[in-house]
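Residue numbers begin at 1 in each chain, while the letters A, B, ... track the order of the sequences.
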Amino acid sequence: MNQTQPERLYPFNEIEPKWQKAWEKEKLFQVDADDPRPKYYCLVMFPYPSAALHVGHGRNYIIGDAVSRYKIMRGFNVLSPMGFDAFGLPAENAALKTNIHPKTSTLANIDRMKIQLHQWGIGYDWARQVTSCLPDYYKWTQWIFLKLYEKGLAYKKMGTVNWCSSCQTVLANEQVVDGACERCDTVVATKELEQWFFKITAYADRLLQDLELLNNWPERVKTMQANWIGKSEGVEIEFPVVDENYKLRCFTTRVDTIFGATYMVLAPEHPKVAELIAKVPGRKKIEEFIQKVRGEDRIERTAENVEKEGAFLERYAVNPMTNEKIPIWIANYVLPEYGTGCVMAVPTHDQRDFMFAKKYHLPLRVVIDNPKESLDAKTMKEAYEGEGVMVNSGAFTGKSSEKAWDLIADFMERGNIGSRSVNFRLRDWLISRQRYWGAPIPIIYCKACGTVPVPEKDLPVILPEDVKFRPTGVSPLKDNENFENVSCPKCARPAKREVDTMDTFVDSSWYYLRYLSPKDDKQPFDSKIVNRWLPVDQYIGGVEHAILHLLYSRFITKVLSDLKWVNFSEPFARLFTQGMIIKDGAKMSKSKGNVVSPDALIGKFGADTVRLYTLFIGPPEKDAEWNDRGVEGSYRFLGRLWRFVTQVGDWKISGEGSVSSKELRRQTHEIIKKVTDDLEGDFHFNTAVSSIMELVNSCYQFEAKTPEDKSILREAAEILVLLSAPFVPHIAEELWQGLGHKKSVFRESWPTYDSAALSRDEIEIVIQVLGRVRARMTVPANISEEDLKKKVLEDKKVQEWLDGKTVKKAIVVPKKLVNLVV
RNA sequence: GCCGGAGUGGCGGAACUGGCAGACGCAUGGGACUUAAAAUCCCAAGGGAAUAUAAUUCCCGUACCGGUUCAAUUCCGGUCUCCGGCACCA
């Protein structure tokens with residue numbers, strides 16, 4: 001135990017609890033609906049209540065709190081709520097080990113986290129807390145499901161779905177990362193199952209389009225969403241099958257290459273394959289190949305350098321533009337779920353087709369010539385995928401491929417050969433889960449009436465507590481006969497409930513609306529109030545939600561907007577994604593043993609130190625390495641601030657300062673501007689904090705000789721306290737009181753700078769000769785350009801550098817520099 | 001491969017609209033206080049070179065190569081590396 005307790009530089013352990021209580025008493029963060037001030041909705045992504053919080057989590061809340069407190073001082077009516085995304089697998093998995101019910105452990109974790117948030121000095125309107133695992137909340141999650149169901153946007157279908165064998169449940173596409181479960185890293189298998197989906201694809205185009213409205217979202221998040229939605233425009237072309245009376249449809253983005261389509265490839269899973277090979281001699285071999293491909297899991301199938309393999313179906317189709325008979329193949333590189341599961345192959349102008357054609361000796365024909373170097377199908381080593389001049393393309397020969405694209409598409413549409421079509425990568429959102437700790441899906445199956453939604457008046461469908469929740473691949477709710485067996489709401493005959501629960505991302509896709517009327521038991525939210533407060537002015541959270549939560553929330557908002565429940569179509573006007581805090585080069589986690597707990601640090605240095613360091617660590621949007629010595633530096637600074645402000649506590653503000661103090665006053669006002677700009681801009685708290693530090697350093701350097709000087713220092717002290725209040729609220733309150741103020745510092749208005757104070761009498765001019773700094777001189781600020789030039793040329797050092805050469809040109813940047821060209 | 005972002009001291013990082021590169025902090029070195037240490041406070045500091053230890057002065061330096069400009073971390077062209085997303089998507 002040779003860890004030394006640092007000297008107590010100021011009584012943080014006394015003042016912090018004191019002010020936390022005071023804010024509560026004063027209801028600093030409670031929003032009054034009738035407040036006339038302009039609204040500001042500052043929202044931090046609500047957390048999953050796992051174990052205790054670490055300093056990495058803290059960054060999120062500290063940033064949000066700094067923004068809220070700043071906006072309060074700017075005169076806004078700030079709504080800063082907090083809740084808990086409380087359903088989910090971790091609690092359920094823990095329960096399997098510890099035998100503690102998920103509800104018990106979740107609620108206990110919530111209590112623990114609230115204490116931690118409190119100790120950090122984070123202010124929320126706790127009267128608005130939402131907890132997604134409680135019936136008064138999930139009742140309305142179920143209501144949202146019903147609304148989507150009514151609109152045809154929630155549906156059940158049989159399909160190939162992602163299955164995690166460890167979590168024993170299906171997963172949404174968004175929850176599969178590199179072919180593995182995002183939660184437990186188990187390689188995801190595919191299964192044919194009947195599952196519930198939300199039809200997010202119906203909104204694909206709008207979700208993509210409206211990204212353009214989100215000017216205050218980080219570019220990378222918008223890019224990620226755009227990539228995920230994955231729009232591509234092309235043409236769907238019909239290829240007649242030889243000896244059959246049906247056609248196969250191919251989707252292509254390169255309709256300009258149609259004359260080079262020398263064969264066709266189907267996914268092995270394509271529904272027509274069985275029919276096509278029913279009578280061919282080599283049927284057995286083809287079936288074996290299909291079995292082989294089907295047996296591969298997602299990773300094997302989509303891995304980067306998988307050898308392209310295929311089989312000839314011994315059948316032919318007709319290229320509708322050349323009227324040639326072309327062979328039909330199946331191959332592992334054609335995916336059943338994208339486009340039509342059937343592609344036209346143009347080996348000369350598509351690298352995959354090229355490799356496949358070379359392997360199986362399929363014909364190649366150049367139809368777009370490379371303008372730089374003429375192509376020859378016999379000698380080319382790889383496909384040419386660029387633009388060029390059309391060749392071997394019937395009536396389109398000689399045209400540029402860009403132009404031919406539209407001409408061919410038009411021609412096909414006129415002749416009913418094909419039609420323009422758009423494909424998205426985005427798939428519908430699979431929302432059912434075979435697990436216990438989630439909101440039950442409000443559906444009843446009746447033998448007579450079919451699928452019957454639970455009537456709104458019967459909501460919520462309560463999640464029963466007495467359930468043995470072993471994951472078995474079937475929802476644990478099936479265990480509870482009282483839950484499953486019900487009477488049909490339509491015909492009253494015995495019926496069965498849906499036993500699956502909803503993906504927790506459904507819970508979190510609408511919580512930001514519930515904060516506005518968290519206790520309303522008549523409706524999920526009050527449209528009038530929501531329309532007044534939304535969109536959220538500032539949303540703050542981790543970039544890991546760039547696709548999942550943010551895409552789902554945008555989708556649900558658009559649905560609610562179409563249903564006229566809300567009058568806006570994007571929920572979050574501004575988004576800020578903070579970087580992760582790293583320790584020893586890795587993300588903090590219990591298993592790595594690199595978790596930094598705030599509790600000990602708060603005990604040793606106080607919450608303000610932890611807050612200040614967290615904000616000072618680096619640009620908040622970037623990842624940052626936690627450094628314990630850096631924390632001490634922040635603590636030292638607060639000690640310096642404390643010492644300085646308490647020292648000038650009984651000095652008075654009076655009159656003008658002496659000449660020497662003018663510079664300090666100027667700096668003070670410059671820093672008001674700097675901190676304000678940082679807070680209004682990109683939340684660069686690190687530079688805001690550093691300029692506050694600079695001002696403190698200057699104050700220490702300044703020697704106050706006269707009462708006027710003292711008055712300038714006193715003004716600087718007041719401003720320092722006001723400017724640092726959003727970052728280090730406890731010490732700021734205490735110092736503010738020490739300066740003789742009765743009101744909370746957060747009831748004061750944010751300081752504004754006096755532009756007169758920013759002006760200087762004298763300025764330092766940098767003198768360059770040929771762009772290199774050679775001298776500097778101090779001149780009156782209002783000096784004319786002519787006088788300045790004259791003075792510069794008279795300077796001894798300058799003359800040495802000029803060395804008798806003539807000055808061709810003198811560039812004068814007002815108030816900054818003079819550059820002499822010789 | 002496509003899309004987005006980044007590359008600056010020993011480290012985290014700063015630099016408005018092209019105008020003194022390295023603010024602020026950490027680590028480091030020196031000093032004060034102390035019997036001593038820790039803590040605290042004060043001072044120094046990109047690298048290199050010259051002079052006499054100094055004051056001082058010069059040169060080199062923002063991933064690399066080139067360009068525009070009186071002047072480039074900033075603008076333009078090219079190259080490399082790293083991070084993130086998508087990817088056998090037709």
Please report the distance separating the [atom1] of [N] from the corresponding atom of [M], rounded so that it comes out in whole Å.
N      : M      : atom1 : value
B:rU34 : B:rA50 : P     : 42 Å
B:rA32 : B:rU17 : P     : 46 Å
B:rG22 : B:rA38 : P     : 32 Å
B:rC2  : B:rG10 : P     : 35 Å
B:rC26 : B:rA39 : P     : 12 Å
B:rG13 : B:rU8  : P     : 9 Å

**Message:** More than 12 heavy atoms of other residues, nucleotides or ligands under 6.0 Å from OH of A:Tyr753: yes or no?
**Reply:** no
**Request:** Please indicate whether A:Lys587 has more than 12 foreign heavy atoms, meaning atoms of other residues, nucleotides or ligands, lying under 6.0 Å from its NZ.
**Result:** no
**Item:** Residues A:Asp205, A:Lys231: salt bridge by 4.0 Å N-O rule
**Value:** yes
**Item:** N-O pairing of A:Arg254 and A:Glu385 below 4.0 Å
**Value:** no
**Fill in**
By side-chain contact (heavy atoms from CB on, under 4.5 Å), A:Lys222 pairs with (sequence neighbours left out) A:Leu211, A:Leu214, A:Trp217, A:Glu219
**Message:** Run the side-chain contact (heavy atoms from CB on, under 4.5 Å) test against A:Asn60 and tell me which residues pass, sequence neighbours left out.
**Reply:** A:Val44, A:Ile540, A:Gln578
**Request:** Among residues two or more places apart or on two chains, list those pairs meeting salt bridge (charged side-chain N to carboxylate O under 4.0 Å, His left out) that have a residue in residues 634-645 of chain A.
**Result:** none
**Prompt:** If the sugar-phosphate is the primed atoms plus P, OP1 and OP2 and the base is the rest, what is the B/S/- string for nucleotides 16-27 of chain B, using protein heavy atoms under 4.0 Å?
**Reply:** B--BB--BBSSS
Using a 4.0 Å heavy-atom cut-off, does [X] contact any base of the nucleic acid, only the sugar-phosphate backbone, or nothing at all?
X        : result
A:Pro218 : nothing
A:Arg220 : sugar-phosphate
A:Arg774 : sugar-phosphate

**Message:** Judged by each residue's nearest nucleotide on RNA chain B, which is more toward the 5′ side, A:Glu219 or A:Val343?
**Reply:** A:Glu219
**A:Tyr338 side-chain N/O to B:rA90 phosphate OP1/OP2 under 4.0 Å** = yes
Let me know the distance between [atom1] of [X] and [atom2] of [N], rounded to the nearest Å.
X        : N      : atom1 : atom2 : answer
A:Leu426 : B:rC89 : CG    : P     : 18 Å
A:Glu382 : B:rG1  : CD    : P     : 11 Å
A:Ile229 : B:rC86 : CD1   : P     : 13 Å

**Asked** When the ring planes of A:Phe251 and A:Tyr338 are compared, do they come out parallel, tilted or perpendicular, using 30° and 60° as the limits?
**Response** perpendicular
**Message:** Would you call the rings of A:Phe644 and A:Tyr700 parallel, tilted or perpendicular, taking 30° and 60° as the class edges?
**Reply:** tilted
**Item:** A:Phe312-A:Tyr360 aromatic ring centre distance below 6.0 Å
**Value:** no
**Prompt:** Is it the case that A:Arg574 places NZ or CZ above or below the six-membered ring of A:Phe683, under 6.0 angstrom from the centre and within 45 degrees of the axis?
**Reply:** yes
**Item:** RNA chain B base-pair string [pairs: Watson-Crick or G-U under 3.5 Å; |: paired with another strand]
**Value:** (((((((..(((......[....))).(((((.......))))).(((((.....)))))..(((((..]....))))))))))))....
Anything under 3.5 Å between a protein N or O and an N or O of nucleotides 75-77 of chain B, put it in a table, one pair a line.
none

